[in-house]
Amino acid sequence: MTHEILVIPGDGIGQEVVPAAVRVLQAVEADLAFVEGEAGDHVAAETGEPLPQEIRERAAEADATLFGAAGDSAADVVLPLREVVGSFANVRPARAYPGVDALKPETDLVFVRENTEGVYSGIESEIAEGVTTLTRVITERASRRIAEFGFEHAAENGYENVTVAHKANVMRVTDGLFLETAEAVAAKRGADYDTALMDALAMHVIMHPEDYGVVICPNLAGDVLSDLAAGLVGGLGLLPSANVGPDNAMFEPVHGTAPDIAGQGIANPSATILSAAMLLEHLGYDDEGQRVRAAVEGVLADGPRTPDLGGEATTGDVTDAVIDRL
Ligand code: GGG
């Protein structure tokens, strides 16, 4: 059965790393058909609408979406795309790879980020001049769903440590519910877990990443903590992600548009190629996904490397090397 993949490069280096990942997907033996769609700041500039209705519909209908990055229009592109594919879990693995100069080579953890609510619910307003408000939505349903997903992800992927990140000592009602719900899920499963205040967790992850496996987080905390963990393993060029729902999913690098290097052909495609590996596994191409991951790991170990990892290679050089290994 052919799987239809909607490919949305987006803005900035998304235009470079997404085509690189598509080349890799075309190099493996998987029955995939690619449909290209455009969204982001450049589409907004041309049409006034960063995410055209047609692209929303295609994302809903496709078997999976591969997305790059969005700039100023992120809230109007990434968040609705995650919603139209019905995703609720943003899975962000942060691993140190042999050969990459990592601050903490022992890092191997996965942020399981709730991606439908929290402070990213989009309920913001200016209630008077110079006075703005933001409503933080936390529901029992979404908290239970992400906790169940996180504990299941840990069990299926062999992670012994599960940590629930929260700030329930300050956000007593909202994170109180998030924490209480996650603890109830753990109790029902008979699962071991820790809880951690997200600020203290940020410090402890930097000092002792080896103490963590799966970290279940509310939305903003997951966004921030995963970027922090990227700093432990060699940078944002290495972190893939999957936005997973019951029937559909979208895959994207954790990084954004990187305007400082966009257009130079030197962006590290590893995060997007690793996201493509997650896409393959999601569609049941487990061997192919493993092969892509192994090929990326081989290139990270032996080169060529893009400038963010201390090399001089281009996006194309790295992609060619990954495909050669496949
Ligand atoms: N590929 C990730 C991306 O486009 N990042 C821009 C951004 O601001 N994302 C917010 C988020 O991941 O929730």
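One-based numbering, in listed order, for ligands and for the atoms of each. Heavy atoms only: backbone and side chains are in, while hydrogens, waters and symmetry mates are out. Here, residue 1 is the first one in the sequence, and each next residue gets the next number.
No salt bridge links Arg293 with Glu297; every basic N to acidic carboxylate O contact stays at or beyond 4.0 Å. Ionic pairing of Arg325 and Asp302 is present here: one or more N-O contacts between side-chain nitrogen and carboxylate oxygen are shorter than 4.0 angstrom.
Remark: side-chain polar atoms of Glu16 are paired, donor with acceptor, to backbone N or O of Gly263 under 3.5 angstrom.
Other members of the cluster containing Tyr120 are Leu79, Val119, Leu134, Leu220, Val224, with ILVMFWY side chains joined at under 4.5 Å, either directly or via other members.
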Would you mind writing out a table of all protein N or O atoms found under 3.5 Å from any N or O atom of ligand 1, naming both atoms and giving the distance to 0.1 Å?
| residue | atom | partner | partner atom | Å |
| --- | --- | --- | --- | --- |
| ligand 1 | 1 (N) | Gly68 | O | 2.8 |
| ligand 1 | 1 (N) | Glu252 | OE1 | 3.0 |
| ligand 1 | 1 (N) | Pro253 | O | 2.8 |
| ligand 1 | 1 (N) | His255 | O | 3.0 |
| ligand 1 | 4 (O) | Ala70 | N | 3.1 |
| ligand 1 | 12 (O) | Arg82 | NH2 | 2.7 |
| ligand 1 | 12 (O) | Arg92 | NH2 | 3.1 |
| ligand 1 | 12 (O) | Arg113 | NH1 | 3.4 |
| ligand 1 | 13 (O) | Arg82 | NH1 | 2.8 |
| ligand 1 | 13 (O) | Arg113 | NH1 | 3.4 |
| ligand 1 | 13 (O) | Arg113 | NH2 | 2.7 |

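Within the structure, the ring-ring contact (aromatic ring centres under 6.0 Å, His included) test picks out the following pairs touching residues 158-205 (sequence neighbours left out): His204-His208, His204-Tyr212. Within the structure, salt bridge (charged side-chain N to carboxylate O under 4.0 Å, His left out) contacts touching residues 182-198 (residues at least two apart or in different chains) are Glu152-Arg189.
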